[in-house]
Amino acid sequence: MNKILLLGAGRSATVLIQYLLSNAQAFGWQVSIGDVSISHLGPILQEYPQTRAFPFNVQDEAQREAEIGAADVVISMLPALFHPLVAETCLTLGKHLVTASYVPPQIKALHEEAQAKGLTFLMECGLDPGIDHMSAMRIIHQIQAEGGNITSFKSFTGGLMAPESDNNPWHYKFTWNPRNVILAGQGTAKYIENGTYKYIPYPQLFRRTQTFTVDGYGSFDGYANRDSLSYREPYGLQQIPTMLRGTLRRPGYCQAWQVLVQLGLTDDSYSLEDSAHMTYRQLVESCLPEAAQEKSLKERVAAYVGLSPEAEELRLVEWTGLFDEVPIGLEHATPAQALEKLLTEKWKLSPGDKDMIVMLHQFEYELSGQRKKLTSSLVVLGDDEVHTAMAKTVGLPVGIAVKLLLQGKLQTKGVVVPLQADLYEPILEELEQYGIRFQEQEG
């Protein structure tokens, strides 16, 4: 096997592409790259003329079948909603598949058939999900091998800005799909703490944060992900009293985001009337009850969300431009889409910007009658606004997994998540060569 088809060449695929092409000659790989637009791949194609890039429409059945049919391994870096379509085509044509995304029910249902055909559909092999699974399982297996009993596991990950590029009051810029950031946390967060099930409805999520410190990088606030409970079984921690997975942000972000949630600006369930001609100020006005007009918009927002007009949260909201007479300029926009358009401009990476990935695992366990604690942390810095830490940590595990698959070293068949040692050990080992290395601290 030597033919690799990469579908999707966006922001998070830059380092993956670099990995595939830099290894192609040594391993005799043929790499084809398909995306909606390939104009940004020009410099790469000049450097690696043996690589083929082509405009790709995943919904064009004939093209999809022709390209997948010519490959040995397919990597899907397309938006997650297209993965089932790619997976079904891979199953029909007998091709292996690797993605960085969560396993959706449609692909999970393909497990037995893929297994019967001797195919590997490796999912959740990016950052989160991916490196989080692999690094956690390595520690879980080590503790269990020593005879320890894990009583608490908390895991948080954040895509943030490196200190030298952290230059806006939100301490945040987009390094991955903006829409996913806008809609993050919607639904109800579920976890278990000291044997008690906990549920946080979305309107309260960003109020309920925990604070963590990472040596050399300061403080972070963590909010709970939607479902921490479903990880107990695959992690082999069915009886654990405390299990919580979440997302990291710098202090101040969650408190200000809570204001946007209270105003209803993250709602994606309805379209605004005449949104193309509505201004952001009018959008905010439309979310407020009738009130004394002699008060400023900022004062009325403050009263509505229960804050002082001088509150830091409102300074951050005002900085976004939500109080300005700037047209939304989108037809039939939902509030969430309008907010995304505004923040995409405000939170875009500037030339030379460096991002930062922070991952933090906290374990508590009992061993030989003693209670112990172990913290494992990872900080990865981006090189620039193209070769980001996000692209490194999402793309490199995928690339390494594809290499293992092509070399016949990845033998597990069916729909697979990297929770076994024969998967996570070689991937984590090679990641260390790229500076993606965890620091562990006991106590």
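- For the pair D72 and N2, the tightest heavy-atom approach, listed with the atom from each and the gap, is OD2-N, 2.9 Å.
- Looking at every heavy atom in both residues, K392 comes nearest to V15 through N-CG2, 3.8 Å.
- Shown here are the side-chain hydrogen bond (donor to acceptor under 3.5 Å, both in side chains) partners of S12, two or more places apart in sequence or in another chain: there are none.
- Residues T266 and Y202 bring a donor and an acceptor atom of their side chains to less than 3.5 Å of each other.
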Next on the checklist: Show, in sequence, the C-alpha distance, side-chain angles and deciding distance for E67 and R52, and conclude whether the salt bridge (Lys or Arg N to Asp or Glu O under 4.0 Å) test is met.
Outcome noted: CA-CA 11 Å; E67 294 296 345; R52 185 174 70 97; 2.5 Å; yes

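- Minimum heavy-atom separation, D267 to S269: OD1-OG, 2.5 Å.
- Note: F156 and F212 meet the aromatic proximity criterion, with ring centroids under 6.0 Å apart.
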Item to check | Residue pair H111, F121: steps toward the ring pair (Phe, Tyr, Trp, His ring centres under 6.0 Å) verdict | outcome: CA-CA 8 Å; H111 172 68; F121 285 4; 9.7 Å; no

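- Between the OH atom of Y217 and the CG atom of D166 there is a distance of 13.0 Å, given to the nearest 0.5 Å.
- Relative ring orientation between Y172 and W347 is described as perpendicular, the plane-to-plane angle rising above 60° on a 0-90° scale split at 30° and 60°.
- Of the candidates E340, K341, K348, E340 is the only one forming a side-chain contact (heavy atoms from CB on, under 4.5 Å) with P178.
- Proximity of K409 to P426: side-chain heavy atoms (C-beta onward) are nowhere separated by under 4.5 Å.
- Paired with I75 under the rule side-chain contact (heavy atoms from CB on, under 4.5 Å), one option of V31, L16, T99 passes, and it is L16.
- The side chain to side chain donor-acceptor pair (under 3.5 Å) analysis of residues 74-95, with sequence neighbours excluded, yields the pairs R64-T89, S76-H83, H83-S101.
- Taking the six-membered ring where tryptophan is involved, the planes of W29 and F27 are essentially parallel, since the angle between them stays under 30° and well short of 60°.
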